[in-house]
Every structure is written in structure tokens, then in C-alpha cells.
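Notes follow the structure.
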Amino acid sequence: MNIENLKAKSEAIFNNEVTLEEKLQNICDYLKKEVSYYDWVGFYFKNGDKEELKLAQFAGEPTEHTIIPFGKGICGQVAISNENFVVQDVSEQDNYISCGWKVKSEIVIPIFVDGENIGQIDIDSHTINPFSKKDEELLEFICEKVSFFLQKNS
């Protein structure tokens, strides 16, 4: 993984003169295409005032998990903990929502606006133990960009 190239191309995607929704979809498509073990890439955002996340843009197989209650699954846990969650083997997690038998690992990074956790990027992989600190660094960079554009558009 060439993290600097991925960051540079991601930055270019965010700087395109398109809607935020298009930027997010383009990021999902790009990451899924460029990182071999990113088999599903998506954004979840807090669903209004409800204690749940709602699926937004994604790339990969459709999921039935379009609404995730806070505390449930990896995404729901990140909504409460406000911390990155890297799961190298989902079979070792008690509080895991299966998105399909192919998913072996997951990484979720929160998105903050004005100190509030308003969403996250979620990556599923069909490979056990694929994620490194470079993945966290790249996805934190993406989340900071999303935060910037959310603040700018609010």
C-alpha cells in the first residue's frame, strides 16, 4: 500500500467540484478499487437525533444493515466509544453483526465534527488480519477530509 499516493488521489477526489455525496461515493469506489483487501467500503452517519447509524454511500455488495443501533456490532460500538476499532478476525468478536459469510475482518474509523462523533467509515475485508497502522492512518486522513467538508457545508 502506497499511502502517500492513496492520500494524494483521495485529496484530489475531495477537491473535485461535485456534491459531498458524490465525493463520498467516489472515495468509496476509489478505495475499494485501489486497496486489494478492501472488499466493502462505506460511510454511516448518525440518523438525525436517533441513537442509530444510517448507511450512506458505499461500494461493494449491498447490505441489509442500513440502520445500526448504537452499541450493536463494530459500527455501533464505535458510535459510542469514539475510537478506531480494528477487528482482524470477526469470528473472535462477540458483538459482531455479520454482513455476509465472506467478511473476515473489519476496520471502522469515526468522523468528528466539532468534537462530536457524527459518523464513520467502515471497511470489510474477505481476508483475515489484513489491516495495519497504515490503514488507520489513511482512513483517519479520509475522515478528517469528510469532517472538513461537512463543516464547510453546514
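Since we're looking at a predicted model, the values are computed, not measured.
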Just checking, is any N or O donor in the side chain of Tyr37 or Asp135 under 3.5 Å from an acceptor N or O on the other one?
-> yes

Can a salt bridge be assigned to the pair Glu52 and Lys72 using a cut-off of 4.0 Å between side-chain N and carboxylate O?
-> no

So how far is it from Ile142 CD1 to Ser147 OG, rounded to the nearest 0.5 Å?
-> 13.0 Å

Is the shortest side-chain N to carboxylate O distance from Glu137 to Lys134 below 4.0 Å?
-> no

List the steps and the verdict of ring pair (Phe, Tyr, Trp, His ring centres under 6.0 Å) for Phe43 and Phe58.
-> CA-CA 6 Å; Phe43 289 97; Phe58 70 94; over 10 Å; no

Gln57 and Cys28: which non-hydrogen atoms are nearest, and at how many Å?
-> O-SG, 3.6 Å

Sub-4.5 Å side-chain heavy-atom contact between Phe85 and Val87 = yes

Are Tyr44 and Val78 side-chain neighbours, meaning at least one heavy-atom pair lies under 4.5 Å?
-> no

Separation between CG of Asn84 and CD of Gln120, rounded to the nearest 0.5 Å | 10.5 Å

Return the set of residues passing salt bridge (Lys or Arg N to Asp or Glu O under 4.0 Å) with Glu144 (not counting sequence neighbours), or none when no residue passes.
-> none

Taken to the nearest 0.5 Å, the spacing of Glu21 CD from Asn26 CG works out to 11.5 Å

Looking at Cys143 and Ile121, what are the two nearest heavy atoms and their distance?
-> SG-CG2, 3.5 Å

When every non-hydrogen atom of Phe141 is compared with those of Glu11, the smallest separation belongs to CZ-OE1, 3.4 Å

Shortest non-hydrogen separation from Leu53 to Lys46 and the atoms involved = CD2-N, 4.0 Å

Point-to-point distance, once rounded to the nearest 0.5 Å, from CG of Asp122 to CD1 of Ile74 | 9.0 Å

Okay, side chain of Gln88, backbone of Phe131: is any donor-acceptor separation there less than 3.5 Å?
-> yes

Of Glu22, Glu17, Lys23, the one forming a side chain to side chain contact (heavy atoms under 4.5 Å, CB included) with Thr19 is Glu22

CD1-CG distance between Ile68 and Leu55, expressed to the nearest 0.5 angstrom | 8.0 Å

Side chains of Leu139 and Tyr38: closer than 4.5 Å at any heavy-atom pair?
-> yes

Atom CG of Asn15 and atom NZ of Lys145: how far apart are they, to the nearest 0.5 Å?
-> 7.0 Å

At their closest point, which heavy atom of His126 faces which heavy atom of Asp39, and how far apart are they?
-> N-OD2, 2.6 Å

